Amino acid sequence: MTRTVYRRPPGPLPGLPAATTRTVQPTDDAALADLVERACAGTADEHLGGNGDGAAEIASWRPNAVPHASFVIADAGLLAASLISQSEGELWLAYVITHPDHKNRGLGTAVVAASLAALDAHVFAGVADGNTPSEKLLTRLGFSPVRR
């Protein structure tokens with residue numbers, strides 16, 4: 001699978017609708033795993049990390065997680081999440097996950113915006129080619145493709 005790397009410099013965010021977010025907690029891991037599986041089923045990201053196991057994805061994210069900049073929206077379960085990780089001194093938007101029943105409502109944008117506001121730093125994101133919704137979301141929030 002081919003991926004495009006995006007980068008966003010620090011700075012103000014465009015005006016966005018408000019949403020109630022909270023930071024990710026360790027107790028969210030099972031719900032995050034379920035959310036990954038539901039959100040990625042049938043998409044270009046169905047086999048993230050070489051498998052479709054949401055628990056394995058979340059377990060692989062945890063060692064490099066940046067909890068203070070990783071956010072969820074919850075209402076009778078997790079609806080969306082933005083998970084940030086750090087690798088070799090760089091901050092990465094590791095996952096943007098939205099429950100399939102709640103897509104196209106701005107929830108992904110809200111959690112990523114919360115992450116970016118908490119960091120105010122350069123942030124990278126890798127997007128599978130063909131993942132048009134993620135490309136649009138990142139572009140709307142000021143990310144641009146970069147060569148890596």
Side-chain angles (χ1 to χ4, degrees), residues 1-16 18-41 43-74 77-99 102-103 106-148:
M1 163 177 30
T2 308
R3 297 179 81 74
T4 300
V5 174
Y6 288 78
R7 185 183 83 160
R8 184 186 191 281
L13 294 163
L16 300 168
T20 302
T21 62
R22 66 167 172 79
T23 56
V24 169
Q25 303 299 312
T27 55
D28 291 325
D29 286 7
L32 286 168
D34 181 63
L35 185 60
V36 166
E37 290 180 14
R38 289 175 185 263
C40 295
T43 72
D45 289 326
E46 186 164 22
H47 296 291
L48 290 169
N51 65 70
D53 182 351
E57 294 300 323
I58 298 306
S60 70
W61 166 73
R62 270 289 171 199
N64 298 311
V66 182
H68 79 276
S70 298
F71 288 85
V72 297
I73 294 175
L78 295 185
L79 305 182
S82 170
L83 305 180
I84 301 294
S85 64
Q86 187 166 3
S87 177
E88 298 179 11
E90 294 177 333
L91 295 166
W92 285 83
L93 176 56
Y95 296 93
V96 178
I97 319 159
T98 304
H99 191 286
H102 298 276
K103 288 188 181 279
L107 301 179
T109 301
V111 289
V112 174
S115 291
L116 295 173
L119 294 168
D120 195 29
H122 283 93
V123 178
F124 293 90
V127 178
D129 289 350
N131 188 339
T132 305
S134 289
E135 292 168 342
K136 288 180 179 178
L137 181 149
L138 293 175
T139 301
R140 186 171 45 253
L141 290 173
F143 283 83
S144 301
V146 295
R147 287 184 168 227
R148 298 267 308 171

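Note that the numbering runs from 1 along the sequence shown for the chain. Predicted, not measured: the structure shown is a model, and the values here were computed from it.
Distance check, rounded to the nearest 0.5 Å: CG of L137 to CG of L107 gives 11.0 Å. To the nearest 0.5 Å, the span separating OG on S70 from CH2 on W61 amounts to 4.0 Å. Atoms CG and CD1, from L32 and I58 in turn, are 4.5 Å apart once rounded to the nearest 0.5 Å. Here the OG1 atom belonging to T23 is positioned 13.0 Å from the CD1 atom belonging to I84, to the nearest 0.5 angstrom. Distance CG/D34 to CG/D28: 12.5 Å, rounded to 0.5 Å. The CD atom of E135 sits 7.0 Å away from atom CG of D129, with the distance rounded to the nearest 0.5 Å.
Nearest heavy-atom pair across P9 and G142 is CD-O, 4.0 Å. When all heavy atoms of L91 and H122 are compared, the closest pair comes out as CB-O, 3.8 Å. Here the shortest heavy-atom pairing between A19 and A110 reads CB-CB, 3.6 Å. For A114 against F71, the heavy-atom pair with the smallest separation is O-CE1, 3.5 Å. Shortest non-hydrogen contact noted between A94 and S85 is CB-OG, 3.7 Å. W92 approaches V123 most closely through the heavy-atom pair C-CG1, 4.3 Å.
Side-chain contact between L93 and L116: absent, with no pair of heavy atoms (C-beta onward) separated by less than 4.5 Å. Contact check for R8 versus L13: side-chain heavy atoms found under the 4.5 Å cut-off. For the pair V72 and R22, the minimum side-chain heavy-atom distance is below 4.5 Å. Side-chain contact check for V24 versus P67: every heavy-atom pair is 4.5 Å or farther apart. Side-chain contact between S144 and R7 is absent, with no heavy atoms from C-beta onward closer than 4.5 Å. Using a 4.5 Å cut-off on side-chain heavy atoms (C-beta onward), D53 and E37 make contact. Put simply, the side chain of R38 reaches to within 4.5 Å of the side chain of H99, judged on heavy atoms. Proximity of P145 to T4: side-chain heavy atoms (C-beta onward) are separated by under 4.5 Å at one or more points.
A donor-acceptor pair under 3.5 Å is formed between the side chain of R3 and the backbone N or O of G126. Although no hydrogens or angles enter the test, the distance criterion places no donor-acceptor pair under 3.5 Å between the side chain of T98 and the main chain of A80.
Applying side-chain contact (heavy atoms from CB on, under 4.5 Å) to I97 and the options L79, L35, V111 leaves one that passes, L35.
In terms of the side chain to side chain contact (heavy atoms under 4.5 Å, CB included) criterion, residue partners of A31 (sequence neighbours excluded) are, by chain and number, L78.
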